[in-house]
Amino acid sequence: MTPPRKLHIKSYGCQMNAYDAQRMVDTLAPEGFVETASVDDADLVILNTCHIREKASEKVYSELGRLRAVKDEAARKGRHMNIAVAGCVAQAEGSEIIRRAPVVDVVVGPQSYHHLPQLLARAKSHGRALETEFPVEDKFGFLPAPRPDAIRARGISSFVTVQEGCDKFCTFCVVPYTRGAEVSRPVAKIVDDVRRLADNGVREITLIGQNVNAYHGEGPDGRTWSLGTLLRRVAEIPGIVRLRYSTSHPRDVDETLIDAHRDLPALMPFVHLPVQSGSDRILAAMNRKHTVSNYRRVIDRFRAARQDIAFSSDFIVGFPGEAEEDFLATLALISQIGYAGAYSFKYSPRPGTPAADMQEMVSAAEMDERLVRLQELIDSQQSAFNAAAIGNTVDVLFERAARNPGQIVGRTAYLQPAHVMASPDIIGQVLPVTIASLERYSLLGELATSAQAQGAPATFSPMTTSQMTTGA
Ligand code: SAH
Ligand code: SF4
Ligand code: F3S
């Protein structure tokens with residue numbers, strides 16, 4: 001038997017890339033590849049790249065510079081190391097990578113991962129290989145399923161891609177060019193994938209897509225299913241206790257999704273709903289296809305369906321033409337909505353996107369200053385949101401042993417990490433935790449008794465009033 005070959009994969013960017021990285025590992029497993037955490041002893045290194053902002057794509061070339069030294073060192077020891085570039089930079093700049101970086105053996109776009117074994121073989125016989133064809137309908141249908149041991153090793157929470165690509169064409173964004181047009185996977189294939197995951201210990205599923213609520217996959221009844229209908233079906237799969245989805249576009253929130261939040265206890269009341277800006281003028285220039293008031297109405301509909309729902313968002317500061325008053329409108333929107341958290345970015349012009357040709361650039365100093373102000377506001381909202389958990393008893397899905405001995409860490413419905421002292425047996429279970437304190441972004445607490453969990457300590461426990469008010 002030939003010894004296993006070692007694969008080191010480094011993923012940047014979004015959840016789709018993280019999921020794709022796992023699927024590349026699954027694709028190469030039948031070829032005899034096993035994952036290694038160290039780049040030095042790898043036979044194959046894959047950089048799974050992101051093109052979303054300039055900084056993200058620049059990283060690729062500096063990383064390739066470092067890899068050249070590692071590859072040379074391996075060659076000195078008589079070992080051949082292959083280097084592959086995958087992901088959105090591969091898609092956008094494939095031939096440039098081949099030209100600029102002779103160290104690269106394979107360039108593979110996000111729609112071609114099922115061809116990785118052939119591409120490696122081609123690189124061996126012809127020196128180098130490039131494939132950036134797209135789109136492929138449900139490329140995941142061509143990939144070998146993950147092995148049970150791989151699923152178990154990855155833990156109790158898993159992503160499943162249900163949709164890929166985007167037809168929205170926001171003027172700042174590369175995704176419609178790097179991932180192509182929206183493609184939805186058929187319901188039956190998603191259900192099969194989730195079943196396999198659940199059978200091997202996965203308890204939480206996050207359905208992912210670049211624009212996940214544009215999902216319009218073929219249902220088993222031959223009709224087109226929406227994300228809300230798909231969530232209902234996935235919620236029925238035995239073993240799945242929590243469901244999430246990401247990332248949504250405000251324009252594509254339909255009644256089935258709102259109803260799913262109303263009806264499905266497994267669907268977590270935490271929605272990432274990027275708005276980018278609070279100014280209608282800027283939203284129009286971004287081609288977001290929604291106004292501020294459309295967005296507020298969508299938030300209200302979610303809140304009407306589920307009172308405990310919380311939101312996070314993405315913001316871009318310094319989009320071309322953004323004046324101080326536009327930025328103030330963004331701050332005002334943030335104050336009105338009240339977020340549990342958000343990602344914020346300085347606008348980065350991307351080659352080939354319409355916004356890259358827009359004239360009125362905001363100065364770097366102004367962008368820096370706006371980003372600080374926006375992040376201060378978001379941080380204060382996030383801290384208040386986290387602090388509000390103290391003293392409450394909340395459900396936590398336990399994921400793994402924490403760094404501190406004896407501690408187990410899980411997540412609340414709002415993805416806040418929560419730590420308790422407990423036996424590892426609780427991993428995979430949802431249990432009520434009484435939150436005692438907050439340490440940076442982590443909640444610390446104790447497993448609640450079932451009486452506390454039901455919110456009825458006064459009747460069932462012999463506590464004194466003073467104990468009750470201190471939450472003992
Ligand atoms: N499909 C998702 C996420 C796209 S990328 C969505 O529509 O929300 C994630 C985030 O990166 C975006 O929401 C946006 O805030 C940010 N982003 C995208 N392009 C950018 C650019 N050119 N400059 C700065 N931020 C950008
Ligand atoms: Fe990019 Fe806009 Fe599509 Fe999101 S909705 S992926 S920001 S084009
Ligand atoms: Fe980046 Fe591509 Fe995702 S550009 S954010 S890896 S879709």
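Atoms within a ligand are numbered from 1 in the order they appear, just like the ligands themselves.
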Identify every side-chain donor-acceptor pair in residues 188-198 under 3.5 Å, counting partners at least two apart or on other chains, and give the distances.
from: Lys189; atom 1: NZ; to: Asp138; atom 2: OD2; distance (Å): 3.3
from: Asp193; atom 1: OD2; to: Arg185; atom 2: NH1; distance (Å): 3.0
from: Asp193; atom 1: OD2; to: Arg185; atom 2: NH2; distance (Å): 3.1

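Taking 4.5 Å as the limit, some side-chain heavy atom of Glu63 sits within range of a side-chain heavy atom of Tyr12. For the pair Arg5/Leu44, no side-chain contact is recorded, criterion being any heavy-atom separation below 4.5 Å from C-beta on. Inter-residue side-chain proximity for Lys139 and Pro110 is flagged as met; some heavy-atom pair is nearer than 4.5 Å. Contact check for Leu273 versus Val253: side-chain heavy atoms found under the 4.5 Å cut-off.
Of the listed residues (Asp43, Ile46, Val45), just one forms a side chain to side chain contact (heavy atoms under 4.5 Å, CB included) with Leu7, and that residue is Ile46. Between Cys88 and the choices Met16, Glu93, Arg179, the side chain to side chain contact (heavy atoms under 4.5 Å, CB included) rule is met once, by Arg179.
Between Phe169 and Tyr177, the gap from one ring centroid to the other is short of 6.0 Å. The distance between the ring centers of His261 and Phe311 does not fall below 6.0 angstrom.
Protein N/O/S atoms closer to atom 2 (Fe) of ligand 3 than 2.8 Å number 1 in this structure.
Here the closest heavy-atom approach between residue Ser157 and residue Glu399 is recorded as CB-OE2, 4.4 Å.
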Below 3.5 Å only, please: the N or O atoms of ligand 1 paired with protein N or O atoms, distance on each line.
from: ligand 1; atom 1: 1 (N); to: Gln210; atom 2: O; distance (Å): 2.5
from: ligand 1; atom 1: 11 (O); to: Arg53; atom 2: NH1; distance (Å): 3.0
from: ligand 1; atom 1: 13 (O); to: Gln276; atom 2: NE2; distance (Å): 2.8
from: ligand 1; atom 1: 13 (O); to: Asp314; atom 2: OD2; distance (Å): 2.6
from: ligand 1; atom 1: 15 (O); to: Gln276; atom 2: OE1; distance (Å): 2.7
from: ligand 1; atom 1: 17 (N); to: Arg53; atom 2: NH1; distance (Å): 3.4
from: ligand 1; atom 1: 22 (N); to: Phe172; atom 2: O; distance (Å): 3.0
from: ligand 1; atom 1: 22 (N); to: Ser348; atom 2: O; distance (Å): 2.8
from: ligand 1; atom 1: 23 (N); to: Ser348; atom 2: N; distance (Å): 3.0
from: ligand 1; atom 1: 25 (N); to: Arg53; atom 2: NH1; distance (Å): 3.4

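Contacts of ligand 2 (protein heavy-atom distance under 4.0 Å) are Cys166, Lys168, Phe169, Cys170, Phe172, Cys173, Val175, Pro176, His249, Arg288.
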